[in-house]
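Everything on this sheet refers to the single structure shown next.
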There are 2 protein chains.
Amino acid sequence: MLGNAESLIAAVKFDSKGLVPVIAQDRATGVIRMLAWANAEALRATVAKERATFWSRSRNELWEKGATSGNSMKVHDVRIDCDGDAILYLVDAIGPSCHTGATSCFFRAVGKDGLATDDGPARINP
Amino acid sequence: MLGNAESLIAAVKFDSKGLVPVIAQDRATGVIRMLAWANAEALRATVAKERATFWSRSRNELWEKGATSGNSMKVHDVRIDCDGDAILYLVDAIGPSCHTGATSCFFRAVGKDGLATDDGPARINP
């Protein structure tokens, strides 16, 4: 239980489909693992269970990340942006996060010869 | 000029408004500065000029971050996710990124007593 989910939900400006984009970032490495979507129910579940939960737009159902794959995300912090239309989950990610097996879903980068594929962004090393 | 913008744009699944969500992350600290939106023109400008450029949904115009405020973002890397519906700009951010003056737009976090305000997520310290 991270805190008061209703105060978060009251501050969210959901889109016309009742959804808000959610960034999931691994707090150990800084790597952005994925961007998915949440409805109010998904935000409530995330805050209550401390497991990253989204709304699957393709399956039209609540989706606790890793419930089937095992590649779950323990949520440490849930943040909302200034205008209330984006959410950030800071997580401890178990295993790779992309369904392709890549660490991050952002495993393609713009290069001279088109998109270059890797395992995702490099870890942050300040 | 970061590379081939057209190969990126061909891979993007823009929404019904011709937009895609874009995460801007400071690569020095790992801090996610903001989430905004881009159309094809904004992506082209970002790749060509290496300056984070978005589409302002409120002003309905192309928006080079910092063009008026000075708080610009030099873009080091442009990435696209597995299903082509989210973009990541890895940037060197100059100054704070939020219009409120906060370093990050994600300056509110869920807490026991509601939303707690700070300057944004902590820098990554692996």
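Below, chain A is the first sequence line, B the second, and so on; all start at residue 1.
Panel note: side chain Arg108(B), backbone Asp81(A); a donor-acceptor pair is recorded below 3.5 Å.
Only the side chain of Leu90(A) comes within contact range of chain B, with at least one heavy atom under 4.5 Å from a heavy atom of that chain. With a 4.5 Å cut-off on non-hydrogen atoms, Leu115(B) touches chain A through its backbone and its side chain both. At a 4.5 Å heavy-atom cutoff, the contact between Arg57(B) and chain A is made by side-chain atoms alone. For Ile23(B), the part lying under 4.5 angstrom from a heavy atom of chain A is the side chain only.
Between chain A and the residues Asp83(B), Val78(B), Ile87(B), the most heavy-atom pairs under 4.5 angstrom are made by Val78(B). Most heavy-atom pairs under 4.5 Å with chain B: of the set Ala122(A), Ala36(A), Ala102(A), Gly120(A), this distinction falls to Gly120(A). Options Glu6(B), Arg79(B), Met34(B) differ in how many heavy-atom pairs under 4.5 Å they form with chain A, and the most are formed by Arg79(B).
The two residues Phe106(A) and Ala86(B) make their nearest non-hydrogen contact at CE2-O, 3.6 Å. Contact detail for Asn4(B) and Gly114(A): the closest heavy-atom pair is CB-N, 3.9 Å. Closest approach of Gln25(A) and Ile32(B) over heavy atoms only: OE1-CD1, 3.5 Å. Heavy-atom minimum distance, Cys82(B) versus Thr100(A): CB-CG2, 4.5 Å.
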* Does the side-chain contact (heavy atoms from CB on, under 4.5 Å) test come out yes or no for Val110(B) and Leu43(A), once each step is laid out? -> CA-CA 11 Å; Val110(B) 173; Leu43(A) 295 176; over 6 Å; no
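The side-chain heavy atoms of Pro121(B) and Asp77(A), taken from C-beta on, include no pair separated by under 4.5 Å.
Val47(B) and Trp55(B) fall into different hydrophobic clusters, where Ile, Leu, Val, Met, Phe, Trp and Tyr are joined by side-chain heavy atoms under 4.5 Å apart, directly or via other members. Leu88(A) and Leu35(A) end up in the same hydrophobic cluster when Ile, Leu, Val, Met, Phe, Trp and Tyr side chains are linked at under 4.5 Å. No single ILVMFWY cluster, assembled from side-chain heavy atoms under 4.5 Å apart, contains both Met73(A) and Ile124(B). Under the 4.5 Å side-chain heavy-atom criterion for Ile, Leu, Val, Met, Phe, Trp and Tyr, Ile9(A) and Leu2(A) are members of the same hydrophobic cluster. Cluster membership for Val20(A) and Leu62(A), using ILVMFWY side-chain heavy atoms within less than 4.5 angstrom, is not shared.
We find the SG-CG distance between Cys105(B) and Asp85(A) to be 9.5 Å, quoted to the nearest 0.5 Å.
Within 6.0 Å of CG on Asp113(B) lie no more than 12 heavy atoms contributed by other residues, nucleotides or ligands.
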